[in-house]
Amino acid sequence: MLSDHEPSVPDWTCRQCRADWPCVTRRKELIDEFAGSYTAMILYLAHLLMEAAEDLRHVPAGWLHNRFIGWTSDAGDPAPFTSVDILVDGYRLANDHSPGADGRCPVCGDLAGCWVRIDPAGPCQAPGLVESWLAGFQGCGDRLGHCV
């Protein structure tokens, strides 16, 4: 099926409606195209996610995952994820994992190893995140994202 709602590369917006691709219309089309083949749809979208990650190095991996694949968990009624939705969810997650008076994460109980832990000293990244993210952060000088 040919669609007017194909991605415009390298910005990965919809050629028709200019929304982040896949737009809501294209998501509905994909559900129809891949009816009965959920795994095939996920593999197709994962392939495109990898291509988009090369072009959109400044976009956090979790955002790209939600944009390309996260919406498929309820493929019967695709929800339009926006950057604001993702930021709000990220804030809630970080807030839930904020350390208590004892310094422990109230969700996972870790003292210093909580995977969501935010350094109050600044916007530095935790070890293991995409290296390209580091280029966008001022004050994070080493390759592991530690503040210097």
Side-chain angles (χ1 to χ4, degrees), residues 1-99 104-110 112-120 122-140 142-147:
M1 172 179 163
L2 290 176
S3 173
D4 292 330
H5 294 270
E6 291 299 323
S8 174
V9 180
D11 60 348
W12 289 86
T13 56
C14 176
R15 289 184 180 168
Q16 181 69 26
C17 63
R18 304 304 300 162
D20 286 348
W21 195 91
C23 64
V24 173
T25 300
R26 187 62 180 133
R27 291 175 185 185
K28 291 177 183 177
E29 291 173 352
L30 287 166
I31 291 167
D32 291 341
E33 286 176 41
F34 287 93
S37 299
Y38 179 78
T39 302
M41 182 174 72
I42 297 299
L43 290 173
Y44 171 71
L45 290 169
H47 171 76
L48 294 177
L49 168 63
M50 297 305 293
E51 288 184 19
E54 289 294 317
D55 293 327
L56 303 173
R57 292 178 182 265
H58 61 284
V59 179
W63 293 10
L64 287 177
H65 176 271
N66 283 340
R67 180 172 155 183
F68 280 81
I69 297 172
W71 64 271
T72 63
S73 63
D74 185 16
D77 184 24
F81 292 104
T82 67
S83 298
V84 173
D85 295 332
I86 295 167
L87 285 172
V88 168
D89 287 346
Y91 171 79
R92 287 184 183 138
L93 180 67
N95 192 47
D96 290 347
H97 285 263
S98 294
R104 292 190 179 279
C105 172
V107 176
C108 58
D110 289 341
C114 177
W115 64 277
V116 182
R117 187 63 56 111
I118 295 176
D119 185 347
C124 297
Q125 299 297 313
L129 295 179
V130 179
E131 187 173 319
S132 64
W133 289 0
L134 296 177
F137 289 91
Q138 300 285 330
C140 297
D142 71 9
R143 294 176 60 91
L144 294 177
H146 297 116
C147 289

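All values below come from the heavy atoms of this structure, side chains included, with hydrogens, waters and symmetry mates left out. Along the sequence shown, residues carry numbers from 1.
- A distance of 10.5 Å separates CZ of R67 from SG of C23, quoted to the nearest 0.5 Å.
- Considering only heavy atoms from C-beta on, L56 comes within 4.5 Å of W12 through its side chain.
- Between the side chain of R27 and the backbone N or O of P22 there is at least one donor-acceptor pair closer than 3.5 Å.
- Between atom CD of residue E29 and atom CG of residue L2 there is a gap of 10.0 Å, rounded to the nearest 0.5 Å.
- The closest side-chain heavy-atom distance from R18 to D11 is below 4.5 Å.
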*Which is it for C17 and H5 under the side chain to side chain contact (heavy atoms under 4.5 Å, CB included) test, yes or no, and what are the steps along the way?*
CA-CA 7 Å; C17 63; H5 294 270; 3.9 Å; yes
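- The distance from atom CG of D20 to atom SG of C14, rounded to the nearest 0.5 Å, is 10.0 Å.
- Across F68 and A52, no two heavy atoms sit closer than the pair CZ-CB, 3.5 Å.
- Between R26 and the options E33, R15, Q16, a side-chain contact (heavy atoms from CB on, under 4.5 Å) holds for only E33.
- Taking 4.5 Å as the limit, some side-chain heavy atom of L45 sits within range of a side-chain heavy atom of W71.
- Rounding to the nearest 0.5 Å gives a distance of 12.0 Å between CG of L49 and CG of L43.
- Annotation: side chain of T72 is not in contact with side chain of F34 (no heavy-atom distance under 4.5 Å).
- The shortest distance between side-chain heavy atoms of Y38 and M41 falls below 4.5 Å.
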*Take T25 and D4, measure what side chain to side chain contact (heavy atoms under 4.5 Å, CB included) needs, and give me the verdict at the end.*
CA-CA 10 Å; T25 300; D4 292 330; over 6 Å; no
